[in-house]
Asker: 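Below you will find the structure I want to go over with you.
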Amino acid sequence: LYTPSRPLPSRARNSSTGRTGSCSEAGMLGFLCRALGRVLFAGIFIASGLHHMQDIKKTGRMIEKPMPAEWVSLAGGLDNLVYVACGLMLGGGTLIATNLMPRLGSLCVIAFLVPATYFVHYFQLKEAKEESVKQIEVIMIMKNISMIGGALLLFGYEMAGSAAAQAAPGTGKSKKKKQ
């Protein structure tokens, strides 16, 4: 994990080619991969949030049957629950894509994905009569589980990066105070 507080060695060896290159190249490539990965991962949440906000009533009808009545009343109605779900998708995706608060963004998308996976896709899988609908729902469940895994990975990497930056010697950010 590259952080500005932890400099890379001056030369890095590419394990596949055996050639050495400057770590500024390796650092830049790593930065570009992380930035592109964040945008690609977050894009589905942003696009889905915008899509579902286009017709709140239709989205509400899709989740009305499987959603627990307690959750609906807690949110103040079905429309409000849809707004909360869209807010978690849009907010979480934006925080991840912009790298402003990726840990909070990860928690937001997990908070959306867990109930959506169970109450929407699992419920529709159990209610489906046609084999093609069942296959689509299984794919959607697997997709959501993999995105939960991706959000957990992002959360974990961000926690490790934050801890490394705080504990780096000579940065003045160490938790040990000099007396």
Side-chain angles (χ1 to χ4, degrees), residues 1-3 29-165:
L1 179 67
Y2 172 74
T3 61
L29 182 59
F31 170 80
L32 291 173
C33 288
R34 286 188 302 276
L36 181 60
R38 276 192 312 273
V39 170
L40 292 174
F41 177 69
I44 191 167
F45 299 106
I46 296 169
S48 293
L50 291 172
H51 170 75
H52 288 300
M53 287 195 77
Q54 299 298 312
D55 193 347
I56 296 296
K57 298 288 184 197
K58 179 181 176 187
T59 303
R61 286 189 301 273
M62 286 182 354
I63 67 170
E64 186 173 19
K65 188 175 178 184
M67 199 56 59
E70 298 84 20
W71 288 27
V72 175
S73 64
L74 181 66
L78 197 56
D79 289 353
N80 288 343
L81 190 61
V82 173
Y83 282 121
V84 168
C86 290
L88 288 170
M89 285 188 283
L90 283 167
T94 301
L95 291 172
I96 291 170
T98 60
N99 201 30
L100 290 175
M101 298 172 79
R103 288 181 286 182
L104 179 59
S106 297
L107 293 176
C108 287
V109 299
I110 290 169
F112 165 76
L113 285 169
V114 170
T117 303
Y118 181 76
F119 291 117
V120 177
H121 298 297
Y122 182 74
F123 181 82
Q124 289 180 3
L125 173 66
K126 293 300 177 192
E127 294 287 313
K129 304 286 187 244
E130 297 175 26
E131 195 60 35
S132 61
V133 173
K134 288 181 180 182
Q135 288 176 345
I136 289 170
E137 291 306 325
V138 167
I139 291 168
M140 297 300 278
I141 291 168
M142 292 171 53
K143 172 196 58 101
N144 282 9
I145 290 171
S146 71
M147 289 192 305
I148 291 168
L152 288 170
L153 278 170
L154 178 62
F155 186 84
Y157 283 130
E158 291 296 326
M159 291 296 291
S162 176

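FYI, side chains are in, hydrogens and waters are out, and symmetry mates aren't considered; it's all heavy atoms of this structure.
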Asker: Atom NZ of residue position Lys143 - does it have more than 12 heavy atoms of other residues, nucleotides or ligands inside 6.0 Å?
Answerer: yes
Asker: So Gln124 and Met140, do their side chains get closer than 4.5 Å, heavy atoms only?
Answerer: no
Asker: Classify the ring geometry of Tyr122 against Tyr118: parallel below 30°, tilted from 30° to 60°, perpendicular beyond 60°.
Answerer: parallel
Asker: Below 3.5 Å, can you tabulate the donor-acceptor pairs from side chains in residues 70-83 to any protein atom, sequence neighbours excluded?
Answerer:
unit_1: Ser73; atom_1: OG; unit_2: Ala69; atom_2: O; d: 3.3
unit_1: Ser73; atom_1: OG; unit_2: Glu70; atom_2: O; d: 3.1
unit_1: Asp79; atom_1: OD2; unit_2: Lys57; atom_2: NZ; d: 2.6
unit_1: Asn80; atom_1: ND2; unit_2: Ala75; atom_2: O; d: 3.2
unit_1: Asn80; atom_1: ND2; unit_2: Gly76; atom_2: O; d: 3.2

Asker: Closest approach of Ala42 and Gly93, non-hydrogen atoms and distance?
Answerer: CB-O, 3.1 Å
Asker: Distance from His121 atom NE2 to Ile139 atom CD1, nearest 0.5 Å?
Answerer: 11.5 Å
Asker: Kindly compute the distance separating CE (Met89) from OG1 (Thr94), expressed to the nearest 0.5 Å.
Answerer: 11.5 Å
Asker: Might you point out which heavy atoms bring Phe119 and Pro66 nearest each other, and give the distance in Å?
Answerer: O-CB, 2.7 Å
Asker: About how many Å separate CG of Leu88 and CD1 of Ile110, when rounded to the nearest 0.5 Å?
Answerer: 11.5 Å
Asker: Going by heavy atoms in the side chains, are Tyr157 and Pro102 under 4.5 Å from each other?
Answerer: no
Asker: Could you measure the distance from the CG atom of Leu104 to the CD1 atom of Ile96? Nearest 0.5 Å is fine.
Answerer: 9.0 Å
Asker: Could you report the tightest heavy-atom contact between Gly92 and Cys108, atom names first, then the distance?
Answerer: CA-CB, 3.7 Å
Asker: Would you say Ile46 and Leu90 make side-chain contact, with heavy atoms under 4.5 Å?
Answerer: yes
Asker: So do the side chains of Met67 and Phe123 get within less than 4.5 Å of each other, counting heavy atoms only?
Answerer: no
Asker: So which atom in Val39 and which in Ala97 form the shortest heavy-atom distance, rounded to 0.1 Å?
Answerer: CG2-O, 4.0 Å
Asker: Could you measure the distance from the CZ atom of Arg38 to the CG atom of Leu40? Nearest 0.5 Å is fine.
Answerer: 11.0 Å
Asker: Side chains of Phe45 and Met147: does their closest heavy-atom pair fall under 4.5 Å?
Answerer: yes
Asker: Between CD1 of Ile145 and OG1 of Thr117, what distance do you get to the nearest 0.5 Å?
Answerer: 6.5 Å
